[in-house]
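Input: a single structure, listed below in structure tokens.
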Amino acid sequence: EPEVTQTPSHQVTQMGQEVILRCVPISNHLYFYWYRQILGQKVEFLVSFYNNEISEKSEIFDDQFSVERPDGSNFTLKIRSTKLEDSAMYFCASQRQASTDTQYFGPGTRLTVL
Amino acid sequence: QQQVKQSPQSLIVQKGGISIINCAYENTAFDYFPWYQQFPGKGPALLIAIRPDVSEKKEGRFTISFNKSAKQFSLHIMDSQPGDSATYFCAASATGNQFYFGTGTSLTVIP
């Protein structure tokens, strides 16, 4: 069964450093999302991406964040200058069609900012 | 502003019992209501989902009950098993938009 994959599974970085989190969505999916989950809290939406552009973003997704689909398979989330409060699990999700289908989540990347 | 409110925060059920988790929403534009199951260190996995044109959906031991007028929906797990112990999130979305998640319910099923 096709699944969303994410790398790395765990990323440790120093405050102020840039990180890139990578996702490979399910191959025939068209809509892509990033969510984050701070330990013990709910899953929060960051951004949605369709047709090579951001379609929606939350207040969390400020200028320090960016997304990119550099090729036909990868979908990346970049945090330019990490802060301590960016420490969380980051989940990528993909969806075949927005109107009818659910979002399938990857296993997540645990980001730890020291 | 919390778009989706979920309760209880935690739930302990005996094996074989019924687990019930409730969610309420405000936005009448929401038209898709999934439930996700999450095990520690894993991503949320879709369990079951419903659209507001039906009041109930059943898949195996899992049932969603949906009350459109009350803007509430609930997950019922029949014959709960220790393997069901996980965190359950309800979510809601309007077509094509982000999912709004509830705060999660930690379910423990005691053998």
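Throughout, a chain's letter reflects where its sequence line sits, starting with A, and its residues are numbered from 1.
Of the candidates Arg96(A), His29(A), Gln95(A), Gln103(A) forms a side chain to side chain contact (heavy atoms under 4.5 Å, CB included) with just one, namely Gln95(A).
With a 4.5 Å cut-off on non-hydrogen atoms, Tyr35(A) touches chain B through its side chain but not through its backbone. Using a 4.5 Å cut-off between heavy atoms, Phe89(B) touches chain A through its side chain atoms alone.
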With ring pair (Phe, Tyr, Trp, His ring centres under 6.0 Å) as the test, would you mind laying out the steps for Tyr100(B) and Tyr25(B) before giving the verdict? CA-CA 10 Å; Tyr100(B) 294 90; Tyr25(B) 65 97; over 10 Å; no
For Phe105(A) and Phe101(B): C-alpha separation, side-chain torsions, deciding distance, then whether ring pair (Phe, Tyr, Trp, His ring centres under 6.0 Å) applies. CA-CA 13 Å; Phe105(A) 284 74; Phe101(B) 283 82; 5.8 Å; yes
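Considering only heavy-atom pairs separated by less than 4.5 Å from chain B, the leading option among Pro107(A), Ala93(A), Gly108(A) is Pro107(A). Annotation: maximal heavy-atom pairing with chain B below 4.5 Å, among Gln37(A), Gln41(A), Met89(A), occurs at Gln37(A). With chain A as partner, the option from Pro34(B), Gly41(B), Pro44(B), Gly104(B) having the largest number of non-hydrogen pairs under 4.5 angstrom is Pro44(B).
Formation of a donor-acceptor pair under 3.5 Å by the Gln11(A) side chain with backbone atoms of Thr109(A) is not found in this model.
Judged purely by distance below 3.5 Å, without hydrogens or angles, the side chains of Asn67(B) and Ser65(B) never pair a donor atom with an acceptor atom.
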